[in-house]
Protein chains: 2
Amino acid sequence: MNDLSLPESSAAPADDAGAGERPKSITLKDVARLAGLSPITVSRALHNPRMVKPETIEKVKQAAAVIGYIPNLLAGGLTTKRSRLVASIVPQLSNSMFAETVQGLNDELAAHGYQLLLSVSSYSRATEEELLTGILSRQPDGVVLTGINHHPGVRKKLLAMGIPVVEAWDISPTPIDIAVGFNHERVGEAVARYLLDKGFKRFASVCGTDERAVLRRRALEAELRRHGIELIASHEVPPPTTLALGRQGLYAILEGGHRPDVVVCSSDVLAHGALIEAGARGIAVPDRLGIMGFGDFDFAAHTHPAISTVYVDKRGVGTRAARCLIAKIEGRRLDDQVIDVGFKLVERDTTRIGG
Amino acid sequence: MNDLSLPESSAAPADDAGAGERPKSITLKDVARLAGLSPITVSRALHNPRMVKPETIEKVKQAAAVIGYIPNLLAGGLTTKRSRLVASIVPQLSNSMFAETVQGLNDELAAHGYQLLLSVSSYSRATEEELLTGILSRQPDGVVLTGINHHPGVRKKLLAMGIPVVEAWDISPTPIDIAVGFNHERVGEAVARYLLDKGFKRFASVCGTDERAVLRRRALEAELRRHGIELIASHEVPPPTTLALGRQGLYAILEGGHRPDVVVCSSDVLAHGALIEAGARGIAVPDRLGIMGFGDFDFAAHTHPAISTVYVDKRGVGTRAARCLIAKIEGRRLDDQVIDVGFKLVERDTTRIGG
DNA sequence: CTGTTAGCGCCTTCAT
DNA sequence: ATGAAGGCGCTAACAG
């Protein structure tokens, strides 16, 4: 009746792992044989319990546990056309806001039984496109991209695939499918107006060269110009932004002979670097120099003085992206294809001057 | 001859994406028909080019490009038993060293044509085990775990699967398969000896509660005790470690009436927080208070004063893990099943006192 | 160099 | 409530 030899100790020796010949896999059929049922009944017991008698389910579960059955999603996905896999491409992971977003994305996906296939584009559109091809060959149920500027092939492939797509961190009037983010130009303008209101007059910028940072800085410049003000110095730094680059940025500006009364940084990490450089030089912040960050990283509230910044729900971008995707995957309609998560100016010490 | 209607514009309308009914997929067969060849020849042209006439390859590539063929790895993997997928479980992503490791892992994997399936355990062994089941059902070619303490089921399942496994961030005499990390107890001891050498006498600790941090702190305590010294205060903080927690840690120690002359932190982030708290209180570092970090995060060299710490090749752990895995997947034997990446004390300003 | 046959492990469809 | 047949898309193994 039971022609399976139950594994005594249950495994191959450790130092044999991965040597090419894997133990022949335990399949639904094996469970079925052991339980004295047909494979399809076992499948149902495992995935559609209410199509099967409780008693049978019990038998199946026992048998599965005994032989250590692990379903093969490749095979499953091949028939169902559902992979329970969501792929995401981020520009970078270490030292960036994207880690938070990925964490949020992952958590929400995991909570709904989806897994995350992660890739890193290193801020290259070409790389992104190449990665996408590999990704799509795994038949993901959905994809999360960063930003709204992509290699043309990206949009085409994604549409051909017909799966839901979220473009995160930015919004666009013409998303590939769904966009979850905020308007970076509004941020630039808001920061400009806020700082002008505070009475700052001589603006400098330490700005990353990534797309979205540049968008914010340009909008800042434009708004300043509307008030008759030009940036007196602008220092660009390549991603990833680090504290060291922030220090160097302020250093370069000051050594260049410029004397800004406020420096606008494209991330809190840069702002923190600038803050430290100011401290090292004995420049009082904010009295002699204001500093503005972006992102509201967790440390920003706890530096001394605390960094004024722009709050963005980094984690929320990820969780919302996940929710949108899951909704569409499960056939629900979305109210909006474009979700603006907004932002919020956070005044802290580094810009708190005058009245 | 060619009975395929070439798609004019190549896609479904955007707002139709993901509504359940995907465009029927384009398969190898379609390419074959268009190229006037058999499916297997197309397969070979794409994956084993040198088994096929150059002329034929060209025909195949053309045909594939024309209809936008994307291979289906689920189907491919089902037959070959190779998924080109490596899975990793990390305790957490945002705000941690693990992001660096994951980035290194991903880069190295991508360079060899593997993709990364990422999961987050939130420091829970039970979660790790559950995640693993889901992961294994995708038939990964290899797995990277964090740490060496796992739910018993983890080892069992992994061995049953017979795939290579790396346990990262720690080393063990009895790894499941491969270990890539370093000995945290040696770190604790080394830090203790170094600080004793510098002449510090009244030690306090701000330490995360995660496994490896605790291991280091215990070894530090033990080493101190061998020199007749006890920690005068110890403050524990839950992961994720943040700058704020570092500040609070020092705050709590000082408000508790303790007067350490050095505070040992289980991460640079905590150390940075302590440094800021000291600065805010006007406590001179290192003269009145030494501060020791861990990890050598990129900011540590650039704070003011710069943070003394322990360098670990965070990224390298990831790249080496990837290399070991790939080697085993491809059937090569490893010289060592346990790779100690070591660590290095980095003296900077926050402990530079006396002679 | 190219093609035929068969089957990976599972689930959909159609019976019973 | 359970089962039998067939096929998802691809590639191994064996021809020729």
Would you say a side-chain N or O of [X] is under 4.0 Å from OP1 or OP2 of [N]?
X: B:Thr79; N: D:dG9; answer: no
X: B:Thr41; N: C:dC1; answer: no
X: B:Ser25; N: D:dG9; answer: yes
X: B:Ser43; N: D:dT11; answer: yes
X: B:Lys29; N: D:dC8; answer: no

A:Leu37 side chain: which of C:dG9, C:dC11, D:dG3 is closest?
D:dG3
Given C:dC11, D:dC14, D:dG3, the nucleotide with the shortest approach to the side chain of B:Arg44
D:dC14
Considering heavy-atom distances to DNA chain C, does B:Lys53 or A:Tyr69 have its closest nucleotide positioned more toward the 5' end?
B:Lys53
Would you say the side chains of B:Gln115 and A:Arg138 form a donor-acceptor pair under 3.5 Å?
yes
Side-chain donor-acceptor pair under 3.5 Å between B:Ser124 and B:Ser121, yes or no?
no
Figure out the [atom1]/[atom2] separation between [X] and [N], and round it to whole Å.
X: B:Arg82; N: D:dC10; atom1: CZ; atom2: P; result: 18 Å
X: B:Ile40; N: D:dC10; atom1: CD1; atom2: P; result: 11 Å
X: A:His47; N: C:dG9; atom1: NE2; atom2: C1'; result: 11 Å
X: A:Gln139; N: D:dG9; atom1: CD; atom2: P; result: 9 Å
X: B:Met51; N: C:dG3; atom1: CE; atom2: P; result: 12 Å
X: B:Ile70; N: D:dC10; atom1: CD1; atom2: P; result: 11 Å
X: B:Leu78; N: D:dC8; atom1: CG; atom2: C1'; result: 9 Å
X: A:Lys81; N: C:dC10; atom1: NZ; atom2: P; result: 17 Å

Is the shortest distance from a Lys or Arg side-chain nitrogen in A:Asp141 or A:Arg84 to a carboxylate oxygen in the other one below 4.0 Å?
no
Salt-bridge test for B:Glu129 and B:Lys157: reply yes if a basic N is under 4.0 Å from a carboxylate O, no otherwise.
yes
At under 4.0 Å between heavy atoms, what does A:Pro71 touch on the DNA or RNA strands: base, sugar-phosphate, or nothing?
sugar-phosphate
Assess whether side chain to side chain donor-acceptor pair (under 3.5 Å) is satisfied between A:Glu128 and A:His150, documenting all intermediate values.
CA-CA 8 Å; A:Glu128 185 187 54; A:His150 310 284; 2.8 Å; yes
Taking the side chain as everything from C-beta on, heavy atoms only, tell me whether B:Val102 gets closer than 4.5 Å to B:Leu93.
yes
With a 4.5 Å cut-off on side-chain heavy atoms, are A:Val143 and A:Ser88 touching?
no
Work out how much the helix from C:dC1-D:dG16 to C:dT16-D:dA1 bends between its end axes, five pairs an end, to the nearest 10 degrees.
30°
